[in-house]
Amino acid sequence: MRLGAPATAAALLIAGCAPLSLAFQLHLSRHVSPQPSIGLRVCSSGDSSRAWNRASRWHQPRPPHPANKRGIALFASVAPEYAADLSPGIDAINSQNADLYGQLNTLRTRPFFRLYSVDILASCEYIPQELFECYSESCEIYPVDDDEVPGQMKDADAEEHDFELDGWARWDMPTEDYYDTTQFPEEFTGYDGAEVWRFIHERIAFQGSEIVDEYNDDSWKADFNRVVSGLHAMISAQVCRGIGDKIASGMADENETEWTDPKAEFDRRLGPSGEAPKAIENLYFTYMLLLSAVGKAKERLLADCNSGKIDAETASEIQPILSSSLLDDSSIGAASEKLHNHARKDDSNLWEARMRARELMRIMNCVQCNKCRLHGKISVMGISTALNLLLGQTGAGGDAKKIHRLELAALMTTLGKFATAVDYCQYMLED
């Protein structure tokens, strides 16, 4: 079972390509009914009726749902045997995520965590594709002016262009073009990423003779699959949230499109009785890994704050996050401990996980929505950085002192994305 939903169902959900949601780039979903659950109209290169006003679209993170100030029991009917291993960590997250979510979304507005140099024109190496261009405001992104990028950041990225041939990920070579994730936030673009998701689940995740049980094998291969599933769950949650936001804003009424009920779409994609009953469990599993990885990078981040590599204003906002008890909670560490133990039992083959993590980054070049590609690359880099910190080359863990500035930025940004997804899932499951 894979998680998410087919692009035919909700990935296309954007009437007329109006802006409203993310690098939901990738979202497809192999284990869903091929029939669309809603009426849809797909973005085309000629549909650019809405003029784009860059200055008017700065992202303002919305506050967490008030209901999420309390913990919510989520997994009464989801994989009870495995959920029991994670349930203390899940409870800890549910009780504290609202505060962390708000702090992370504020942090993401700072230049250190919102500006990324990305190769938007890189070619797809995996899937034959017809040239697809979408000039609507929902798909396109534009680099910021050069004077908006701190010189110290550009210098650091240029100096840290090197990489390990057998590392966990390989970022694009830095250029003068930086893109702002607050100016181009996660929105529901209407891009159909079904083909990309299919490749990820069938070719990059472990399948067939490589693994007996996709998520429950006693091996790091199952853990890797959980991470891929968690990434897909995060994106699916943001898709559903984008649908709700669009309907609530009244923008959906501007188009002749039949919109699905966000709750019904959530239940289908992510609900305990839906098409991917492991989805939310894997979302939490991956969130726990990210929290543990940030815990491992804590001293490095504090050192960068003290040395001035991270400016004083940003440092004052990151320090409360690094003081969160979730980073050192043993119940949160249950996921990374399981991953570590699996990797140490079979460390001679761990190279294959690193190779597939690199392929996960490279497949992002097959995403033909530029906004989606930007956010997809950042998310994959954040997850790859977490795996590097937790496992390194042998399963014993990586050296946080060797992590590049951009990797740290992607790690924290991706943590924020998962905190947002968990917040939304809590809200949707409270009924």
Side-chain angles (χ1 to χ4, degrees), residues 1-17 20-45 47 122-134 136 138-139 186-205 207 214 225 228-243 257-260 262 264-266 268-270 274-276 278-279 282-283 356 359-377 379-380 421:
M1 278 181 281
R2 241 138 243 76
L3 87 32
T8 49
L12 305 179
L13 260 200
I14 181 118
C17 277
L20 231 185
S21 181
L22 137 52
F24 309 137
Q25 47 244 150
L26 320 302
H27 78 275
L28 120 91
S29 163
R30 284 172 66 236
H31 46 232
V32 192
S33 163
Q35 297 300 320
S37 61
I38 43 187
L40 311 162
R41 187 152 60 88
V42 184
C43 150
S44 68
S45 61
D47 191 359
S123 299
C124 174
E125 302 174 355
Y126 299 93
I127 304 169
Q129 293 181 319
E130 295 181 7
L131 179 63
F132 169 87
E133 295 182 79
C134 183
S136 80
S138 64
C139 296
E186 300 99 322
E187 294 188 313
F188 185 62
T189 65
Y191 168 69
D192 180 357
E195 193 174 30
V196 175
W197 268 125
R198 184 174 297 111
F199 187 96
I200 289 171
H201 286 302
E202 293 181 352
R203 303 291 298 279
I204 295 178
Q207 299 298 329
E214 186 174 27
N225 285 355
V228 171
S229 173
L231 172 66
H232 203 162
M234 181 269 286
I235 292 171
S236 289
Q238 291 181 320
V239 169
C240 296
R241 182 172 181 157
I243 296 169
T257 301
E258 180 183 352
W259 289 80
T260 189
E265 190 65 18
F266 176 89
R268 182 179 71 83
R269 287 171 170 258
L270 299 170
E275 294 159 340
K278 286 279 192 177
N282 292 335
L283 174 75
R356 291 178 187 237
E359 298 304 311
L360 189 58
M361 173 64 76
R362 293 173 69 187
I363 192 65
M364 294 299 105
N365 289 330
C366 297
V367 174
Q368 293 179 289
C369 161
N370 288 343
K371 184 183 294 181
C372 303
R373 181 181 294 202
L374 170 66
H375 284 278
K377 286 189 173 186
S379 298
V380 173

Look up atom [atom1] in [X] and atom [atom2] in [Y], then write down how far apart they are to the nearest 0.5 Å.
X	Y	atom1	atom2	answer
Cys366	Glu195	SG	CD	8.0 Å
Asn282	Leu270	CG	CG	11.0 Å
Ser236	Arg241	OG	CZ	14.5 Å
Arg356	Arg362	CZ	CZ	14.0 Å
Arg198	Ile127	CZ	CD1	9.0 Å
Ser379	Met364	OG	CE	8.5 Å

Does the distance from Cys139 SG to Cys369 SG come in under 2.5 Å? no

Has the side chain of Asn225 got a donor or acceptor atom that lies under 3.5 Å from a matching backbone atom of Ala205? no

Closest heavy-atom contact between Ala237 and Ala421? CB-CB, 3.9 Å

How would you list, by chain and number, every residue that makes a side chain to side chain contact (heavy atoms under 4.5 Å, CB included) with Ala122, sequence neighbours excluded? Asp119, Asn365, Arg373

In Leu360, Ile363, Ile200, the residue satisfying side chain to side chain contact (heavy atoms under 4.5 Å, CB included) with Val380 is Leu360

Test item: Arg269 and Val239 side chains (from C-beta on) under 4.5 Å apart, heavy atoms: yes

